[in-house]
Asker: 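Would you mind keeping the following structure in view while I ask a few things?
Atoms within each ligand, like the ligands themselves, are counted from 1 in listed order. None of the values given here were measured: they were computed from a predicted structure.
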Amino acid sequence: MLNYGAEVLASLITEDWQQRSSAWLSLLDDCLLAAGGLEGTAPESGKTLVRKHSAKPYKYDPVPRRDERFPDPYNMGVNAEVFLYDPQFLPQPKTLMMFYKRLREIDVPEMMASIIAETPNKPWDYYRDMTRQLWDEARHAMMGEVGFAQLGIDWSKHVMVNFTWALCLNTQLKPIERHAVLYFIEQGLMPRNGKRFEWEVGQQSGNSLSALFQDYDWADEVLHARVGRDWYLKEFTDARKAVQYGDECWSKVLMNWETWRKEGKTQHRNWWPELYREACRHWGIQPDPQVLGYSTTYETVRADLKEVTGSG
Ligand SMILES: [Fe+2]
Ligand SMILES: [Fe+2]
Ligand SMILES: [Fe+2]
């Protein structure tokens, strides 16, 4: 890693760039010295620092932005949970829904970033724990991406990864309300029907990568439940009220399924059959008509496990 880093630096940083940025580079050095070094163990320099890029305070923009790999970000046309928990379907096609669910987790870092950015004056440990969790969620999304790559599927063409959850939470709820929703959803993942179920489906599917990813996904959620206990639950005297508050906050979020369709933001196109066909080509099997015909949307069912398991 060190060699790689050195080579990257050598090819990116020219003499000319170094000269032009010398004031900025010495400011960075001064910042480090003022902080007592990277890990804060040296004496602090006490030197006065003059802000450069941060002179104008940063303003957080809560609206998620995605690149061209996300051509239909309002699409809520394929309900992954209803398919995943339907016993008539086999584990193999369910791995596709789980890869999709993992990839869609890119909306969790988008949402958590807003909590972190808009919650000032917490202890350092709060930001460390929340950032660790944010990174885990980003990694879950990458696992989904790798899952599709393994099947030779170009997900940017066949999987419409929406940002509606992050968008609605970021623009409709206060930071503590968003944290409440996150806590409520993650508590719901812990019973038998949540992460364990997904891991079992991965095990039964014969796709060892799916099983491995679900193992990581489950383990991380156990840690996230603890982060929630440490930093969200503490705000309440009654644990039940904390969960209930999360449920209430989630319930008041308006997912404008029909409005988005009317406004032409999306047609909620059912992209599932096409994805499934692609996967069947890779697996070398004939598509199962029952699976091919799946067409349940998110119009009436919200994307946590509440309706599916009743375990809230
Ligand atoms: Fe997650
Ligand atoms: Fe996850
Ligand atoms: Fe999580």
Side-chain angles (χ1 to χ4, degrees), residues 64 79-81 83-85 94-116 119 126-148 150 155 159 161-170 173 175-203 205 207 209-233 242-243 246-247 249-250 253 302-306 308-309 311-312:
N79 192 309
E81 289 76 20
F83 185 89
L84 187 56
Y85 287 93
K94 285 182 178 179
T95 59
L96 299 173
M97 286 301 194
M98 294 201 294
F99 290 147
Y100 164 53
K101 275 166 67 67
R102 298 289 72 80
L103 184 45
R104 195 182 55 192
E105 285 193 76
I106 192 69
D107 61 7
V108 191
E110 283 170 340
M111 192 285 279
M112 286 199 74
S114 76
I115 303 179
I116 296 169
T119 307
Y126 170 89
Y127 300 105
R128 186 202 54 200
D129 289 352
M130 293 290 278
T131 307
R132 156 72 205 260
Q133 180 173 343
L134 182 152
W135 162 240
D136 288 342
E137 307 291 2
R139 185 156 47 96
H140 296 173
M142 286 187 255
M143 297 193 300
E145 178 168 26
V146 172
F148 286 122
Q150 180 216 26
W155 60 267
V159 186
V161 184
N162 60 54
F163 65 12
T164 48
W165 186 76
L167 175 72
C168 289
L169 264 68
N170 284 11
L173 297 184
I176 185 69
E177 295 174 326
R178 283 174 230 144
H179 205 166
V181 172
L182 185 66
Y183 183 76
F184 170 75
I185 291 177
E186 292 194 321
Q187 290 302 304
L189 299 175
M190 287 303 109
R192 251 209 93 74
N193 257 341
K195 286 297 160 190
R196 174 192 287 269
F197 178 80
E198 291 190 345
W199 176 74
E200 286 170 350
V201 172
Q203 292 274 322
S205 71
N207 183 331
L209 198 59
S210 175
L212 182 70
F213 286 164
Q214 290 313 134
D215 196 359
Y216 274 91
D217 196 53
W218 185 10
D220 282 341
E221 291 311 335
V222 174
L223 179 75
H224 300 169
R226 203 209 70 205
V227 173
R229 282 200 297 279
D230 287 350
W231 296 112
Y232 167 73
L233 202 59
V243 176
D247 192 7
C249 292
W250 191 198
V253 174
R302 70 188 207 188
D304 60 13
L305 299 175
K306 201 181 183 193
V308 179
T309 67
S311 64

Asker: Nearest N/O/S atom of H140 with respect to the Fe ion (ligand 2), by atom name, please.
Answerer: ND1

Asker: Determine which of the N, O or S atoms in E221 is closest to the Fe ion (ligand 1) and give its atom name.
Answerer: OE2

Asker: Any idea which N/O/S atom from E137 gets closest to the Fe ion (ligand 1)?
Answerer: OE1

Asker: What I want to find out is whether R102 reaches E198 closely enough, with some N-O distance under 4.0 Å, to be called a salt bridge.
Answerer: yes

Asker: Answer yes or no for E105: is there an N/O/S atom below the 2.8 Å cut-off from the Fe ion (ligand 2)?
Answerer: yes

Asker: How close do F148 and V159 get, heavy atom to heavy atom, and via which atoms?
Answerer: CZ-CG2, 3.7 Å

Asker: Which heavy atom of L169 sits nearest a heavy atom of R178, and at what distance?
Answerer: O-NE, 3.2 Å

Asker: So which of the N, O or S atoms of E186 lies nearest the Fe ion (ligand 3)?
Answerer: OE2

Asker: Tell me, yes or no, whether the heavy-atom count around Y126 atom OH, taken from other residues, nucleotides or ligands under 6.0 Å, exceeds 12.
Answerer: yes

Asker: Checking one value in my table: which N/O/S atom of D217 lies closest to the Fe ion (ligand 2)?
Answerer: OD1

Asker: Checking one value in my table: which N/O/S atom of H224 lies closest to the Fe ion (ligand 3)?
Answerer: ND1

Asker: With respect to H224, which candidate in E137, M130, R132, Q187 satisfies the side-chain contact (heavy atoms from CB on, under 4.5 Å) definition?
Answerer: E137

Asker: With a 3.5 Å cut-off and no angle check, do the side chains of E145 and W155 form a donor-acceptor pair?
Answerer: yes

